[in-house]
Protein chains: 2
Amino acid sequence: MNYQQAKVRADILKALAHPVRILIVNALSGGDRCVCELAPLVDIDQSGLSRHLAILKRVGVVTERRDGNKVIHHLQTPCILRAFECAVEVLRSDIERKNLHLKAI
Amino acid sequence: MNYQQAKVRADILKALAHPVRILIVNALSGGDRCVCELAPLVDIDQSGLSRHLAILKRVGVVTERRDGNKVIHHLQTPCILRAFECAVEVLRSDIERKNLHLKAI
DNA sequence: TGACAATATGCACATACTTGCATATAGTGC
DNA sequence: GCACTATATGCAAGTATGTGCATATTGTCA
């Protein structure tokens, strides 16, 4: 793998690597939502939420369509939920390993 | 999912979301390496490489053991390679979708 | 057209991340 | 102990990211 290939991967992961954006993706995995439905789930200013959504849209993880004066957001690539599962696996593995060290004391 | 749960996931993904760290993980997926073996693969200062490794170790993705005066690094949770594949899927899906739009013109 | 709801953007500030340089620490072999 | 190799850390500067506030834009409905 060369630097450019690593960079495009990093850009996608970076777009996912924020608690608010993870909450957004998680919510969208349960179905399409407009901004006003997402707002109560994330403790953040409306403009901030709009910006986080823009980041997810820029990398193509989320897409949008208009419905009246609402913009409906859609999780375009649900495969990224696997990246979250993978993060959980890392956590679990790390805790297990530390427990082992603890027992060894 | 609550904010705290999203945050721990974000911290793991953030640790992966850098081109140099992706190159490191990619190299380690082929077997354990010391810093001196990784250095030529990533175009960065030795101290910078050391810092990137520290970030990966902090979240438990990479572990280390000493061998003489070398520190050997080990990819503790190879499952994160799936996160990279997932990033590639996002890219591919995005390109396909844009191609469709192109054809529609 | 005007009032209103939903969403996006400009700006300014704070915080976090990355990097190189110099220097410190840890281990090896003489 | 000394010279040497491998790796880590303090510091300072540059860059990027996240946030709230105010304001702009887009669409609806009367």
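Note on naming: letters A, B, ... go to the chains in the order of the sequence lines (proteins, then strands), and numbering restarts at 1 for each one.
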Between the base of D/dA8 and the side chain of B/Gln46, is there any donor-acceptor pair under 3.5 Å?
-> yes
So what does B/Gly48 touch, heavy atoms closer than 4.0 Å: a base, only the sugar-phosphate, or nothing?
-> nothing
Are the side chains of B/Val42 and B/His52 in touch, meaning some heavy atoms are under 4.5 Å apart?
-> no
Residues two or more places apart in sequence or in another chain: which of them pass side chain to side chain contact (heavy atoms under 4.5 Å, CB included) with A/Lys98?
-> A/Asp94
Can you find a donor-acceptor pair, distance only, under 3.5 Å between B/Asn69 side chain and D/dT5 base?
-> yes
Output the single nucleotide from D/dG27, D/dT17, D/dG18 whose closest atom is nearest the side chain of A/Arg21.
-> D/dG18
Base, sugar-phosphate, or nothing: which does B/Ile44 touch, judged by heavy atoms less than 4.0 Å apart?
-> sugar-phosphate
Under 4.0 Å between a side-chain N or O of B/His73 and OP1 or OP2 of D/dT7?
-> no
Contact span of DNA chain C against chain B, any nucleotide atom under 4.0 Å from a heavy atom, 5' to 3', runs C/dC17 to C/dT28
A/Leu38 and A/Leu53, any side-chain heavy atoms less than 4.5 Å apart | yes
Short side-chain N/O contact to D/dT17 OP1/OP2 from A/Arg51, under 4.0 Å | no
Could you say whether A/Asp67 or A/Val20 is positioned toward the 5' end of DNA chain D, judged by the nucleotide with the nearest heavy atom to each?
-> A/Val20
Are A/Lys7 and A/Asp11 side-chain neighbours, meaning at least one heavy-atom pair lies under 4.5 Å?
-> yes
Tell me which nucleotide among D/dT17, D/dC21, D/dA8 gets nearest to the side chain of B/Lys57.
-> D/dA8
Indicate yes or no: at least one non-hydrogen side-chain atom of A/Arg82 is less than 4.5 angstrom from one of A/Cys86.
-> no
